[in-house]
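Computed from heavy atoms alone, side chains included, the values below leave out hydrogens, waters and symmetry copies. This one's a predicted model, so the numbers in the text were calculated from it and none came from an experiment.
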Amino acid sequence: MANEEDDPVVQEIDVYLAKSLAEKLYLFQYPVRPASMTYDDIPHLSAKIKPKQQKVELEMAIDTLNPNYCRSKGEQIALNVDGACADETSTYSSKLMDKQTFCSSQTTSNTSRYAAALYRQGELHLTPLHGILQLRPSFSYLDKADAKHREREAANEAGDSSQDEAEDDVKQITVRFSRPESEQARQRRVQSYEFLQKKHAEEPWVHLHYYGLRDSRSEHERQYLLCPGSSGVENTELVKSPSEYLMMLMPPSQEEEKDKPVAPSNVLSMAQLRTLPLADQIKILMKNVKVMPFANLMSLLGPSIDSVAVLRGIQKVAMLVQGNWVVKSDILYPKDSSSPHSGVPAEVLCRGRDFVMWKFTQSRWVVRKEVATVTKLCAEDVKDFLEHMAVVRINKGWEFILPYDGEFIKKHPDVVQRQHMLWTGIQAKLEKVYNLVKETMPKKPDAQSGPAGLVSGDQRIQVAKTKAQQNHALLERELQRRKEQLRAPAVPPGVRIKEEPVSEEGEDDDEQEAEEEEPMDTSPSGLHSKLANGLPPGRAAGTDSFNGHPPPGCAGTPVARELRAFVEATFQRQFVLTLSELKRLFNLHLASLPPGHTLFSGISDRMLQDTVLAAGCKQILVPFPPQTAASPDEQKVFALWESGDMSDQHRQVLLEIFSKNYRVRRNMIQSRLTQECGEDLSKQEVDKVLKDCCVSYGGMWYLKGTVQS
């Protein structure tokens, strides 16, 4: 209080904020000169600016009559720069250094705390500065002098050598073809100093007019430094509290934050990460870590995050491998990207990495040469795939980087089942793309199987023999029951039974059946899946069931209703399907269902086929050629017999043709349709039925799914 009394307020000054020149006002800082001389006294010959770079060049005259000016030195500099002959391009036309160029540089990038003040009639008017530029002498004329000197020396050397040589020497020219520039190389080139300097040099100069301090135009522009309407009108910009007013005048500095080094792209700030939505947090974490157990992910996200929401989000960006989550390939290799090593597109990289991930769902170990042979990718790309999720072991191969997470497998069986269905669909795609020999998926899903290990061929054969011996008696009884059913007279009229040979070669065939059992068919018998057009006799007794569910003929059960709805909807969209394609579509359907759905309880091949037949479809016994490479599931062809539209009759005639022929020419199909359906059959109707049921290959028509290229 005592200090305030000793220093009383003498005068209060109103402060106004002028914004007319807020985005146009620059402060130029000139080199120091004697106090008796101002820069306004020096003639400004020219001025130019590059607006984007905020770079200014001013050309000022030098007083050559000043006693401090060294005339001999000025003449020498002009001679070195322009040479003895003066022309229009000369820098110094008077053969004397009579001008000097000043070039600007930015003093600070943050000018928000600086303003130009004008005090007039007891009022202080502030205008924010848009930039502060320091003007320094430019010595570009020295570069011109050096260039002239080098040109003269080169000309002299060329003249001497031309006298000594009778003819020019023949020089060998090496032609090089540049490689395609990768995305990383392009980014490095764009960020290089040379490229930035070139971009700056390409920006054109904008020539300016200089007006002195006492010029009328300068006086007019100076009026814009005053706040308009300051007298009698309250300036609402400055009606602030003292603390707010000081904050406007002196905002907090951000230079410290800008001076901090930028973190690498693979380093995350957890504080910034937790400000993002949960889905983005999971995606960023998985993209950086690549492989992570679910427990670690929950610990990184924090205790307040719901595990159900995390489970829902992790399945969108990662796949389950040995109980751990591995980021999806399309997250690491987005569309329109390419390999930095080989330049192959992202689609090929994703397919190759999916193959590596799928191999790790089968075993703890993967051999790099095998992956490179199958995927046809370069060694660097394959190594990148493996380094994402495995570690190399000498003389063994690549081992999956994390241990098997059995705790997650037991705790979340519905998620495991869904991931198993997704992997089944991916396996089918990989088999088609890479022409793989079909590998048998584990009999039990991951929820019931322990961590995979290295198993030799002899061990696998021994295990198969043991299982075959244990099930031998059961298989004998099942075979006897099948024979009795086939001999039973209770066969509906008009129904043909397709009998296929049953292997009775003993233990070796049992061993092969144990090793090569189909992934979906978990029933002990597969005979009924081979019957054609109709349910097998003896099913009404209800003695057969799968996982506690009655057969699909009992339409009242939820599983039967859901399965039938899927089958009917599928055949309404695609009239002809093989069993292999139907199983693939069913797996994709399961993958789209929420966890805990009734269809996850288990559906056998026989249940699926029986439901197809009960839904109004028929099995078409296509006579495949003896040398066909189609699998048994691909040889089972089902078609919608009646859909209720006008094309039913045409489709039935077409299906009867293919029950006797593997491939047919169009003229045969058209003549048969005309014979059965009348002469008024149009070309559009024939095209429609062919489009619904057939595909054309090599001038011949095949039922969909049966063509073997």
ask   = Going by an N to O cut-off under 4.0 Å, is there a salt bridge joining Lys383 and Glu380?
value = no

task = Specify the closest pair of heavy atoms between Phe294 and Ser307, including all atoms of both residues, with the distance to one decimal.
result = CZ-O, 3.9 Å

Approximate separation, where rounding is to 0.5 Å, of Lys328 NZ and Asp354 CG = 9.5 Å

request  = For side-chain contact (heavy atoms from CB on, under 4.5 Å), just list the numbers for Val321 and Met389, CA-CA rounded to whole Å, side-chain angles, deciding distance to a tenth of an Å, and then say yes or no.
outcome  = CA-CA 10 Å; Val321 178; Met389 62 192 84; over 6 Å; no

query = Of the non-hydrogen atoms in Gly343 and Ser338, which two are nearest, and what is the gap between them?
reply = O-CB, 3.8 Å

Gap between atom OG1 of Thr557 and atom CD of Glu562 - 0.5 Å precision = 10.0 Å

inquiry  = Under a 3.5 Å distance rule, please check whether Asn324 uses its side chain to pair with a backbone N or O of Pro403 as donor and acceptor.
reply    = yes

ask   = Side chains of Lys704 and Leu577: closer than 4.5 Å at any heavy-atom pair?
value = no

message = Taking the side chain as everything from C-beta on, heavy atoms only, tell me whether Trp398 gets closer than 4.5 Å to Val356.
response = no

inquiry  = So for atom NZ, which belongs to Lys50, do other residues, nucleotides or ligands contribute more than 12 heavy atoms lying within a distance under 6.0 Å?
reply    = yes

Interatomic spacing from OG1 in Thr127 to OH in Tyr16 - rounded to 0.5 Å = 14.0 Å

Minimum heavy-atom distance between Arg368 and Ala379, given as atom pair plus value = NH1-O, 4.4 Å

ask   = Taking the side chain from Ser104 and the backbone from Val56, do they hold a donor-acceptor pair closer than 3.5 Å?
value = yes

query = Are the side chain of Trp325 and the backbone of Val317 linked by a donor-acceptor contact shorter than 3.5 Å?
reply = no

key: Residue pair Leu133 / Ser105, side-chain heavy-atom distance below 4.5 Å   = no

ask   = Are any side-chain N or O atoms of Asn288 and backbone N or O atoms of Ile284, one a donor and one an acceptor, separated by less than 3.5 Å?
value = yes

message = Tell me whether Lys290 at atom NZ has more than 12 heavy atoms from other residues, nucleotides or ligands lying less than 6.0 Å away.
response = yes

ask   = So, do Thr375 and Arg351 sit near enough that their side-chain heavy atoms are less than 4.5 Å apart?
value = no

task = Begin with the C-alpha distance, continue with both residues' side-chain angles, and end with the deciding distance and a verdict on side-chain contact (heavy atoms from CB on, under 4.5 Å) for Phe638 and Gln609.
result = CA-CA 9 Å; Phe638 296 91; Gln609 294 177 79; 3.7 Å; yes

remark   = Of all heavy-atom pairs linking Val559 and Leu599, the shortest is O-CD2, 4.0 Å

ask   = Under 3.5 Å, is there a donor-acceptor pair between the side chain of Ser342 and the main chain of Ser339?
value = no

message = I'd like to know whether CD of Glu203 has more than 12 heavy-atom contacts from other residues, nucleotides or ligands below 6.0 angstrom.
response = yes

ask   = Checking Glu634 side chain against Ser631 main chain: does a donor-acceptor pair fall under 3.5 Å?
value = yes

request  = Mark yes or no for whether Ser363, through its side chain, and Phe360, through its backbone, hold a donor-acceptor pair below 3.5 Å.
outcome  = no

ask   = Out of curiosity, Leu129 CG to Glu23 CD, how far, rounded to the nearest 0.5 Å?
value = 11.5 Å

Under 3.5 Å: donor-acceptor pair, side chain of Arg364, backbone of Phe400 = yes

inquiry  = Counting C-beta onward and ignoring hydrogens, is there a side-chain heavy-atom pair between Lys583 and Asp605 closer than 4.5 Å?
reply    = yes

query = Heavy-atom count around Glu202 CD within 6.0 Å, excluding the residue itself: above 12?
reply = yes

Derivation of the side-chain contact (heavy atoms from CB on, under 4.5 Å) call for Leu301 and Leu285 = CA-CA 9 Å; Leu301 294 175; Leu285 285 172; 3.8 Å; yes

ask   = What are the two closest heavy atoms between Lys432 and Asn435, and how far apart are they?
value = O-OD1, 3.5 Å

request  = Identify the residue among Val291, Val326, Leu386 that makes a side-chain contact (heavy atoms from CB on, under 4.5 Å) with Ile401.
outcome  = Val291

message = Check whether Gln134 reaches the backbone of Gln29 with its side chain - one donor and one acceptor, N or O, closer than 3.5 Å.
response = no

key: Pairwise distance CD(Gln281) to CG(Leu297) - rounded to 0.5 angstrom   = 9.5 Å

query = With no hydrogens and no angle check, do the side chains of Gln427 and Glu431 hold a donor and an acceptor under 3.5 Å apart?
reply = yes

request  = Identify the heavy atoms of Leu320 and Phe408 that sit nearest to each other, and give their distance.
outcome  = CD1-CE2, 3.7 Å

inquiry  = For Lys283, I'd like to know if atom NZ has over 12 heavy atoms of other residues, nucleotides or ligands within 6.0 Å.
reply    = no

key: 4.5 Å side-chain heavy-atom contact, Leu300 and Met292   = yes

inquiry  = Set out, in order, the CA-CA distance, both residues' side-chain angles and the distance that settles side-chain contact (heavy atoms from CB on, under 4.5 Å) for Met357 and Met319, then state yes or no.
reply    = CA-CA 9 Å; Met357 293 169 62; Met319 296 291 292; 3.8 Å; yes

request  = Kindly indicate whether the side chain of Trp365, heavy atoms from C-beta on, has any atom under 4.5 Å from the side chain of Lys359.
outcome  = no

request  = Quick one: pull up CZ in Phe586 and OG1 in Thr570 and give me the separation to the nearest 0.5 Å.
outcome  = 9.5 Å

ask   = Below 4.0 angstrom, N of the basic side chain to O of the carboxylate: do Glu568 and Arg564 qualify?
value = yes

ask   = Is a donor on one side and an acceptor on the other found under 3.5 Å between the side chain of Gln315 and the backbone of Leu311?
value = yes

key: Donor + acceptor pair across side chains of His420, Asn587 (<3.5 Å)   = no

ask   = Side-chain contact, heavy-atom cut-off 4.5 Å: Leu349 with Asp381?
value = yes

key: Whether Tyr333 and Phe385 hold their rings parallel, tilted or perpendicular, with breakpoints at 30° and 60°   = perpendicular

